[in-house]
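First up is the structure itself, then whatever we jot down about it.
None of the values given here were measured: they were computed from a predicted structure.
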Amino acid sequence: MFVKDESLLANTNNFQIFMTIMSEKEVADKKFAVQQVCTLLFPKHRVMFTPRSVLLSGEGGSIMIDENNFEFLQKALTDICCLKTGPMD
């Protein structure tokens with residue numbers, strides 16, 4: 001819904017797409033849903049969105065999720081939530 005030119009999408013990674021969606025005012029409900037999921041996954045951390053990262057701050061320090069480690073987080077969440085263990089996988 002955000003890409004009119006598929007060649008632009010070929011040069012855009014998942015993190016950039018995610019951050020673009022999180023910054024759009026029209027989809028504030030999706031940002032709220034992401035914040036709620038992060039609260040469930042990281043209950044001792046506060047979630048903050050910056051233009052280039054997601055910060056999880058807590059007592060033990062801050063964790064920054066950016067282009068460098070977003071793919072790892074995606075893979076970990078896929079494994080943790082058993083997203084690849086359906087009847088067709």
Between Met22 and Lys31, what is the shortest heavy-atom contact and its length? O-CD, 3.4 Å
Minimum heavy-atom distance between Ser57 and Met48, given as atom pair plus value: OG-CE, 3.5 Å
Under a single-linkage definition using a 4.5 Å side-chain heavy-atom cutoff for Ile, Leu, Val, Met, Phe, Trp and Tyr, are Val27 and Met19 assigned to the same hydrophobic cluster? yes
Hydrophobic cluster identity match, Met64 and Val54, side-chain contacts under 4.5 Å: no
Worked check of side chain to side chain contact (heavy atoms under 4.5 Å, CB included) between Phe18 and Val34: CA-CA 10 Å; Phe18 174 76; Val34 168; 3.8 Å; yes
Closest non-hydrogen atoms of Phe70 and Ile65, given as atom of the first, atom of the second and distance, are CD1-CG2, 3.9 Å
Full working for side chain to side chain contact (heavy atoms under 4.5 Å, CB included) between Thr12 and Thr20: CA-CA 11 Å; Thr12 306; Thr20 300; 6.0 Å; no
Parallel, tilted or perpendicular: which fits the ring planes of His45 and Phe42, with parallel below 30° and perpendicular above 60°? perpendicular
Any donor and acceptor pair, going by atom type alone, linking the side chain of Glu24 with main-chain N or O of Ile21 inside 3.5 Å? no
Measuring from Leu56:CG to Lys44:NZ, what's the distance to the nearest 0.5 Å? 14.5 Å
Which heavy atom in Gln74 sits nearest to a heavy atom in Asn14, and how many Å separate them? OE1-ND2, 3.2 Å
Tell me whether Ile63 is reachable from Leu77 by hopping between hydrophobic residues (I, L, V, M, F, W, Y) whose side-chain heavy atoms are closer than 4.5 Å. yes
Given Asp66 and Arg52, is the side chain to side chain contact (heavy atoms under 4.5 Å, CB included) satisfied, shown in steps? CA-CA 7 Å; Asp66 60 12; Arg52 295 188 180 193; over 6 Å; no
